[in-house]
2 protein chains.
Amino acid sequence: MNARRPATLASLAAELGVSRTTVSNAYNRPDQLSPELRKRVLDTARRLGYPGPDPVARSLRTRKAGAVGLLLTENLSYAFRDPAALGFLEGLSLACEDAGSGLLLVPANPEREEVASVHRAGVDGFVVYSVPDDDPHLAAVMERPVPVVVCDQPSIDNLDRVGIDDAHAIKLMAEHLIELGHRKIGVLCMRLARARNDGPASTQRQENASFHVQRRRLAALAEAFREVGVDWEQVPVIERFDHTVSSGESAASQLLESTPEVTAIICTSDILALGALNAARNRGSRVPEDLTVTGFDGIVDAERAGLTTVRQPVLEKGRAAGRLLLDTGEPGRPREVRLETQLVTGSTAAPPRSIEERWFGP
Amino acid sequence: MNARRPATLASLAAELGVSRTTVSNAYNRPDQLSPELRKRVLDTARRLGYPGPDPVARSLRTRKAGAVGLLLTENLSYAFRDPAALGFLEGLSLACEDAGSGLLLVPANPEREEVASVHRAGVDGFVVYSVPDDDPHLAAVMERPVPVVVCDQPSIDNLDRVGIDDAHAIKLMAEHLIELGHRKIGVLCMRLARARNDGPASTQRQENASFHVQRRRLAALAEAFREVGVDWEQVPVIERFDHTVSSGESAASQLLESTPEVTAIICTSDILALGALNAARNRGSRVPEDLTVTGFDGIVDAERAGLTTVRQPVLEKGRAAGRLLLDTGEPGRPREVRLETQLVTGSTAAPPRSIEERWFGP
DNA sequence: ATGAAAGCGCTAACAT
DNA sequence: ATGTTAGCGCTTTCAT
């Protein structure tokens, strides 16, 4: 209900026979007028159904929206299903709450080029979470004359950033597997570009990936395995556009079908790894005896599954991003927050067995 | 970066020697001016670093914010941890996305009376999710001259609503347990009022609960059990302020400690029930042999645990709330959407065993 | 303690 | 196809 469009500050002032300033002060600077007058103003306001100063008009005048915009590269609803994104959101909302700021989720359908929603967002700044280098919504955000903080990707000069050292993080994993003795590996990765693609990703595609994070993780893996003599060109890298357990499962199936000799599947996310675990089970492969599977992120479900993975502080990332954006100081910018990661040795990685062992038992 | 505060539509128009209308049209009504002129406008805009029409000024003029506000009764970050709230959010975000609308999460700390965030929210309407009757933020929302849709609670005349039939839903559960033979029951419920309280809730407290949903569920349980001769006054109802698995656990412990003769614990949420399951395990009680435990909501973790519960379509609730708010039509209001629920018979409910059986085995 | 004047930056009739 | 005129509703110096 409440569909009238009635009293304004001006009409209220007129009714009261006072100036608009006085009415404004009644709401915003109680100490600037006598308690009696203030009470009279507020009472009359109630009587006339005046809802208080219009927030939009106020924002226009004060140049403050009281909200932070969040740009994701996915459908909004996706964010509520991906545990890592969720952790980020939780952290970000914590920071917003601390600052009394609202959090505006900006719809940015990755399938469309529509950036109107970015233009329309009445916010004091944007947090950009994990979008590709060439995302048009990002471009629209950067045109807005407000501060921007990027989380994870892309990394853009001159912009505040929060993230982790992806290369370092996944290198720990690579070294762990190398130490265990794995040389025949396969990789499952998330989407590398905005256009849908499901299947093997050539090294060229890997290098051209517009998703910075994936690109760097793959590059770091390549480097680590090349150092022990693995020909990266021969390492199957399977890409999936959708980030779901079932895409992980299908990707792993595809991988094991075409390259059954792999002894380990490295996944660039826990979600994909969880799917890979399913795929292994479906094929009757035991993990880690027959096959090693590793993830990335350290989500709860991964922990539950005993996944060997890399834990990153997703909640802290969100909080740090929010703080960076909301913190008054903007002196020696751009600023960067780099958070720590941690190798989690679960029960899904073990030394490889030889082909013979795998087929004929130990 | 991007911290200049430069060109406006007017300055751009001046620079170009055209009217502001023309510049405005270049952005909002491309068909209203020649392509060449439009290109000239846009090019000059880029050159001057004009970021396009200011969204706040536009909102003021058009009386459209392009965003929906969401009011929760909890800290924002809580919403990202409660599976039911999350489902609701997902549904709501789906509806917003469809309409190209943003979703503004309004910080509304339940501990404070601060409603400024509600006043400051530049939105075209509010969705209110499960807040108590006397929530000051809700009052602030209702003063705003914008449409409001309430989900679950409270139920306020004249306001659009979406929800379920709580009494009916939990009655199904009550009848199920009654049929199994349970007469000695205990109940775990969520907070009944805004002020923190943890422990037994008297019938008076139950009846005065400012959380509508809990009140109705308890009332329906009372009615159902009274019909089979149970003295509701004697039924222990344990309340918990925090909605977490561990509060469920402690509440169940408290219940079983003080009333070990209960054969069933009915919980008004799955989260609490999951905690009750833990408590039973800690005491060495087998579920359902020694103790029946039931939940409410139908969250994924409940399903995983085989919980006997009532499933409600949380995602649909969110979507319906969003649609109700965004749907152009506002004729024969108020409107109400009542969604269906479903009894899920899991493996945590069975006929009670007598006290003797329980102590000495079958 | 209260008021007058001057916009914040934009869009929407209504001309032309 | 482009310009003129009027605000949207508010806050903020600066006076008084």
Side-chain angles (χ1 to χ4, degrees), chain A residues 4-41 44-45 48-66 116 119-124 143-146, chain B residues 4-41 44-45 48-66 116 119-124 143-146:
Chain A
R4 59 223 140 94
R5 162 125 302 286
T8 69
L9 186 144
S11 71
L12 181 53
E15 169 86 17
L16 281 157
V18 303
S19 81
R20 298 187 306 248
T21 308
T22 300
V23 178
S24 176
N25 282 338
Y27 285 94
N28 303 316
R29 291 176 160 73
D31 50 310
Q32 294 295 296
L33 71 179
S34 63
E36 306 83 53
L37 179 53
R38 179 168 136 90
K39 181 170 186 323
R40 229 183 96 219
V41 171
T44 311
L48 294 184
Y50 175 64
D54 179 282
V56 175
R58 174 193 299 210
S59 282
L60 174 59
R61 186 60 235 241
T62 61
R63 313 264 31 158
K64 226 107 208 49
H119 289 140
R120 232 181 324 205
V123 295
D124 298 320
E143 280 168 7
R144 294 275 306 263
V146 294
Chain B
R4 60 223 138 95
R5 161 127 300 290
T8 68
L9 186 144
S11 71
L12 182 52
E15 169 86 16
L16 281 157
V18 304
S19 81
R20 292 178 309 220
T21 307
T22 300
V23 177
S24 176
N25 283 340
Y27 285 94
N28 303 316
R29 292 177 158 76
D31 49 311
Q32 295 294 297
L33 72 179
S34 63
E36 306 83 53
L37 179 52
R38 178 167 138 92
K39 182 169 185 322
R40 228 182 97 219
V41 171
T44 311
L48 294 184
Y50 175 64
D54 179 283
V56 175
R58 172 192 299 202
S59 283
L60 175 58
R61 185 62 238 242
T62 60
R63 312 266 32 161
K64 226 110 209 46
H119 289 139
R120 231 180 326 200
V123 296
D124 298 320
E143 280 168 7
R144 294 276 307 263
V146 294

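Each chain gets a letter, A, B and so on, in the order the sequences are listed, and its residues count up from 1. This is a predicted model, so every value here is computed, not measured.
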- Query: Which listed nucleotide (D:dG9, C:dG3, C:dG9) is nearest to the side chain of B:R63?
  - Reply: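 Within the option list, the nearest is D:dG9.
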- Proximal nucleotide (of D:dT11, D:dG9, D:dT4) relative to the A:A57 side chain: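 The listed nucleotide nearest to A:A57's side chain is D:dG9.
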List in chain and number order the residues that pass side chain to side chain donor-acceptor pair (under 3.5 Å) with [X], two or more places apart in sequence or in another chain; answer none if no residue qualifies.
X     : answer
B:T44 : none
B:T21 : none
A:S11 : none

- Task: Please list all pairs passing the salt bridge (Lys or Arg N to Asp or Glu O under 4.0 Å) test where one or both residues lie in residues 26-37 of chain B, with sequence neighbours left out.
- Result: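 Salt bridge (Lys or Arg N to Asp or Glu O under 4.0 Å) check on residues 26-37 of chain B returns no pairs.
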- salt bridge (Lys or Arg N to Asp or Glu O under 4.0 Å) pairs, two or more places apart, involving residues 8-20 of chain B: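 Non-adjacent pairs meeting salt bridge (Lys or Arg N to Asp or Glu O under 4.0 Å): B:E15-B:R47.
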Between [X] ([atom1]) and [N] ([atom2]), how many Å, whole number?
X     : N      : atom1 : atom2 : result
A:L12 : D:dT11 : CG    : P     : 12 Å
A:L16 : C:dG3  : CG    : P     : 10 Å
A:D54 : C:dC8  : CG    : P     : 18 Å
A:N25 : C:dA1  : CG    : C1'   : 9 Å

Who pairs with [X] by side-chain contact (heavy atoms from CB on, under 4.5 Å), at least two apart in sequence or on another chain?
X      : value
B:P51  : A:P145
A:T22  : A:V18, A:S19, A:L33, A:L37
B:R120 : B:A116

Does a side-chain N or O of [X] approach OP1 or OP2 of [N] to a distance below 4.0 Å, or not?
X     : N      : result
B:T8  : C:dG9  : no
A:T22 : C:dT2  : no
B:Y50 : C:dC10 : yes

- Message: Any residue in residues 31-40 of chain B with a heavy atom nearer than 4.0 angstrom to DNA chain C? Just list them by number, or reply none.
- Response: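 By residue number: none to list.
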- Query: Per the end-axis method with five pairs at each terminus, what is the bend angle of the helix from C:dA1-D:dT16 to C:dT16-D:dA1, to 10°?
  - Reply: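 Axis angle across the helix from C:dA1-D:dT16 to C:dT16-D:dA1, nearest 10°: 20°.
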- Query: With B:K39, which residues qualify under salt bridge (charged side-chain N to carboxylate O under 4.0 Å, His left out), at least two apart?
  - Reply: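 Expected list: B:D43.
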Contacts under 3.5 Å, N or O only, protein and nucleotides 12-14 of chain C:
residue, atom, partner, partner atom, Å
C:dA12, OP2, B:R29, NH1, 2.9
C:dA12, N6, B:T21, OG1, 2.9

- Task: Report yes or no: does A:R144 contribute a side-chain atom to a donor-acceptor pair with the main-chain N or O of A:A121 at less than 3.5 Å?
- Result: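 Judged by distance alone, yes, a pair lies under 3.5 Å.
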- Query: Under 4.0 angstrom, heavy atoms only, what part of the nucleic acid is A:V56 near: base, sugar-phosphate, or nothing?
  - Reply: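 A:V56: no heavy atom of the nucleic acid under 4.0 Å.
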